[in-house]
2 protein chains.
Amino acid sequence: MPTMADVARRAGVSAKTVSNVLSGYPYIRESTRERVMAAVDELGYEINVTARIFRSGRTGVVGLAVPELGQPYFGELADEILEAARRRGLHVLIQPTGFTREGELAALREPRRKLVDGLLFSPAALEQADAHLLDDLGYPLVLLGEQMFSTRVDHVTMQNVEGARAATDLLLDAGRRQIAVIGMLHSPTAGSSNLRFTGYREALAARGITVDPRLLGWADDGWHRGNGARAMADVLDAGVEVDGVVAFNDALALGAMYALQVRGRSIPDDVAVVGFDDIEDAQYSMPALTTVDPGRRDIAEVAVALLHDRLTGAAPAEPVLHVADMRIVERGSTPTRR
Amino acid sequence: MPTMADVARRAGVSAKTVSNVLSGYPYIRESTRERVMAAVDELGYEINVTARIFRSGRTGVVGLAVPELGQPYFGELADEILEAARRRGLHVLIQPTGFTREGELAALREPRRKLVDGLLFSPAALEQADAHLLDDLGYPLVLLGEQMFSTRVDHVTMQNVEGARAATDLLLDAGRRQIAVIGMLHSPTAGSSNLRFTGYREALAARGITVDPRLLGWADDGWHRGNGARAMADVLDAGVEVDGVVAFNDALALGAMYALQVRGRSIPDDVAVVGFDDIEDAQYSMPALTTVDPGRRDIAEVAVALLHDRLTGAAPAEPVLHVADMRIVERGSTPTRR
DNA sequence: ATGAAAGCGCTAACAC
DNA sequence: GTGTTAGCGCTTTCAT
């Protein structure tokens with residue numbers, strides 16, 4: 001394998017000049033650049049990225065710590081993030097944390113070993129009480145989601161309360177009053193579940209309706225379809241009438257629709273359903289799912305841009321908090337509005 | 001940041017001994033190991049992975065080139081591969097190729113730059129005619145899927161023909177004779193589409209049935225749900241009776257079910273549907289989808305093990321071809337067998 | 001079972 | 001605009 005010194009010899013220049021050419025250093029005579037590139041081609045030279053990384057201390061790789069890619073929200077988010085990174089010449093090392101504390105702590109340690117320059121971190125197991133773990137990490141970190149907050153790190157998140165309130169309002173506007181919630185968690189974390197429940201509660205309160213505990217569907221084992229179906233079945237089994245459902249993500253909503261239809265409920269006539277996330281599947285369910293688009297593409301783009309700016313020193317001194325705009329996407333699972 | 005020399009000084013040993021301890025070299029006196037580990041803890045030392053990589057020439061990172069993670073099959077496959085790699089102490093750099101030739105060629109070039117030690121490659125745009133591109137790459141490559149074949153590289157794949165034949169037989173056994181196919185491609189590649197069509201054709205031929213071209217649903221724009229719905233609608237619009245559907249993946253099948261139900265067909269009574277892949281969604285559709293489980297977990301495990309063995313020199317000299325076993329998972333979209 | 005010396009291939013810092 | 005020098009922090013090689 002030829003090295004930079006071989007290229008330099010062949011081109012009749014120094015290794016540093018070859019390095020300059022290959023790094024895009026601008027002040028180089030055109031004739032020199034051409035000579036160097038010709039030598040590169042003739043030798044079939046490919047730069048040894050590991051030597052460059054070692055010497056420069058920058059890998060050009062950022063970590064992405066998410067619970068799991070099989071969940072459509074994270075799979076689609078990962079695609080958006082990989083694309084945003086690619087456009088900036090960054091590679092991404094994905095570390096699925098499996099919803100575990102150890103997995104997330106391991107992801108936080110990784111950049112210290114210098115394999116990645118910074119981290120995009122979507123916590124699911126760590127809690128608000130662990131926020132101090134994000135201080136003085138020694139590398140740039142961008143927090144995603146709403147599991148924890150810190151005034152000391154960059155954070156990109158979504159309008160959880162507003163989204164859930166808008167979803168609930170949509171059902172209330174359609175005259176629904178027995179609105180179940182799917183996706184409650186017993187654990188007292190500051191995560192999406194609590195925020196989305198707050199939106200639900202606020203929407204009801206604004207119309208003077210109190211929360212009926214029999215309408216709360218619990219999904220402590222994860223926001224998968226199966227748990228959505230189970231939680232919906234639990235609510236129906238409790239014997240309470242239901243004419244609307246706010247699910248805390250689309251997978252839960254699709255599972256809930258399944259449970260409703262198995263029990264002979266018609267959607268949206270008997271029960272109207274709203275999800276959260278706008279995953280691709282939401283377009284093709286039967287009926288298609290009305291849902292909250294949390295602005296996923298914007299989240300990916302802003303998060304990567306922010307991390308990139310931190311790495312290049314282009315970001316502001318103060319930590320940035322970016323909240324993407326949500327919007328409701330109306331489809332067949334809710335009645336058409338007049 | 002402390003270096004290995006700092007740890008060595010503190011522990012009263014040489015840098016090499018520290019290196020030996022941290023690399024798991026077995027022949028080290030227990031007392032020495034303890035002294036070294038104590039020094040590591042006291043200094044809060046973390047090894048500089050980039051220096052290790054640079055010197056050793058091995059990154060411990062393998063590339064995974066797949067079309068996109070948003071497609072559930074690839075998202076779930078990626079999770080399985082990441083887990084199999086994690087168990088072996090390997091990191092994975094995912095490179096979505098976006099179904100493009102350039103994306104796939106870029107992925108093939110990446111290991112030459114030494115950022116990854118080897119590559120797991122699931123081609124979608126390259127074709128059989130490009131197989132020579134896989135020769136003499138200078139790094140270990142494991143091919144996934146059936147887009148291209150080569151006798152010169154390791155290959156892990158699935159029983160495409162057998163799976164599609166079994167899916168078709170299941171419908172034939174149920175008395176269905178007007179069986180549509182969803183997922184035909186016009187491009188003459190050696191991919192899954194052609195193999196699965198072969199299985200379909202063989203199953204029909206075994207019963208003396210010829211293929212009716214009006215029953216072929218084309219999905220050249222990708223195997224997404226929307227295209228499955230569109231292809232199914234095209235077949236129905238052609239005015240031919242349909243009592244069964246073999247879809248070449250689950251997303252197409254779910255889209256086809258949507259189109260069938262929109263047009264008032266009952267599943268499985270009017271039309272029975274079988275998919276391919278056994279993605280998680282297949283369990284929660286309405287009705288739940290009968291599908292071919294291609295052995296995805298086995299594919300991930302074997303592919304990573306094979307690449308790992310190549311990197312450590314433990315693999316056999318000859319290229320390995322591993323074909324995972326398929327099995328049919330019967331659910332509500334096909335009639336119950338007596 | 002441990003140590004000493006060498007050097008991987010590149011870029012930072014500075015010289016000219 | 002380009003060259004010189006030095007050295008990043010580890011592992012390899014070889015010695016003991």
Side-chain angles (χ1 to χ4, degrees), chain A residues 1-40 43-61 89 111-115 117 138 311-313, chain B residues 1-40 43-61 89 111-115 117 138 311-313:
Chain A
M1 277 292 229
T3 72
M4 212 169 246
D6 298 326
V7 175
R9 205 170 306 117
R10 177 141 196 151
V13 297
S14 75
K16 177 64 199 171
T17 298
V18 177
S19 171
N20 283 339
V21 169
L22 297 180
S23 305
Y25 180 72
Y27 306 111
I28 294 182
R29 202 175 306 149
E30 189 51 38
S31 62
T32 308
R33 178 196 313 283
E34 279 165 14
R35 227 149 12 101
V36 168
M37 292 315 294
V40 165
L43 294 172
Y45 172 74
E46 301 245 17
I47 195 164
N48 184 326
V49 187
T50 63
R52 165 183 279 180
I53 287 171
F54 172 50
R55 182 60 238 235
S56 68
R58 301 243 341 253
T59 65
V61 181
R112 294 233 183 79
R113 305 167 14 125
K114 304 287 189 197
L115 198 68
D117 294 333
L311 293 172
T312 57
Chain B
M1 279 292 227
T3 73
M4 210 170 247
D6 298 325
V7 176
R9 206 170 306 119
R10 179 143 196 150
V13 297
S14 74
K16 175 64 201 165
T17 298
V18 177
S19 172
N20 281 340
V21 169
L22 297 179
S23 306
Y25 180 73
Y27 306 111
I28 295 183
R29 201 176 305 149
E30 190 49 40
S31 61
T32 307
R33 177 195 313 284
E34 278 164 14
R35 223 145 21 95
V36 168
M37 291 315 293
V40 165
L43 294 172
Y45 172 74
E46 302 247 15
I47 195 164
N48 184 328
V49 186
T50 63
R52 162 183 280 182
I53 288 171
F54 172 51
R55 185 60 241 238
S56 69
R58 300 239 345 249
T59 65
V61 180
R112 294 233 184 79
R113 306 171 8 126
K114 304 286 189 197
L115 199 69
D117 293 334
L311 294 172
T312 56

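Model, not experiment: these values are computed from the prediction. Within every chain, numbering begins at 1; the chains are lettered A, B, ... in the order of the sequence lines, protein sequences first and strands thereafter.
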> Can you tell me the distance, in whole Å, between the CD1 atom of Ile53(A) and the C1' atom of dC8(D)?
13 Å
> Please state how far atom CG in Asn20(A) lies from atom C1' in dC10(C), giving the value in whole angstrom units.
12 Å
> For a quick check of understanding: with a heavy-atom distance under 4.0 Å over all strands, which category does Thr50(A) fall into, base, sugar-phosphate or nothing?
nothing
> Where do Thr17(A) and Ile28(A) come nearest, in terms of heavy atoms and distance?
O-CD1, 4.4 Å
> Can you check the Asp6(B) CG to dG9(D) P distance for me, whole Å?
9 Å
> Pick the closest DNA chain C nucleotide for Arg55(B) and for Val18(B) by heavy atoms, then say which residue is nearer the 5' end.
Val18(B)
> Out of dG3(C), dC10(C), dG3(D), which has the shortest distance to the side chain of Thr3(A)?
dC10(C)
> Where is the tightest heavy-atom contact between Arg52(A) and Ser23(A), given as atom of each residue plus distance?
NH2-OG, 3.5 Å
> Where do Ala15(A) and Ala8(A) come nearest, in terms of heavy atoms and distance?
N-CB, 3.6 Å
> Over how many whole Å does the gap from Met1(B) atom CE to dC8(D) atom C1' extend?
14 Å
> Which nucleotide in the set dT11(C), dT4(D), dT2(C) lies at the smallest distance from any side-chain heavy atom of Ile47(A)?
dT11(C)
> Closest nucleotide of DNA chain C for Ala15(A) versus for Tyr27(B): which of these residues is on the 5' side?
Tyr27(B)
> Any side-chain N or O of Ser19(A) below 4.0 angstrom from OP1/OP2 of dT11(C)?
yes
> Return the nearest nucleotide to the side chain of Ser56(B); candidates are dG9(D), dT11(D), dA12(C).
dT11(D)
> With a 4.5 Å cut-off on side-chain heavy atoms, are Met4(B) and Leu22(B) touching?
yes
> Which part of the nucleic acid, if any, lies within reach of Tyr45(B) when heavy atoms closer than 4.0 Å are counted: base, sugar-phosphate only, or nothing?
sugar-phosphate
> Tell me whether Phe54(A) is stacked on the nucleobase of dC8(D), counting only the six-membered base ring and applying the 5.5 Å and 30° thresholds.
yes
> Figure out the CZ/P separation between Arg9(A) and dT2(D), and round it to whole Å.
19 Å
> Looking at dC10(D), dG9(C), dA1(C), which one has an atom nearest to any side-chain atom of Arg29(B)?
dA1(C)
> Could you state the CE-C1' distance from Met4(B) to dC8(D), rounded to the nearest angstrom?
14 Å
> Round to the nearest Å and state the distance from Tyr25(B) atom OH to dT2(C) atom P.
9 Å
> Closer than 4.0 Å, any side-chain N/O of Ser14(B) to the OP1 or OP2 of dA4(C)?
no
> Choose from dT11(C), dC10(D), dT2(C) the nucleotide whose nearest atom is closest to any side-chain atom of Lys16(A).
dT11(C)
> Taking the side chain from Asp117(A) and the backbone from Arg58(A), do they hold a donor-acceptor pair closer than 3.5 Å?
no
> Please give, in whole Å, the distance from dA12(C) P to Leu22(A) CG?
13 Å
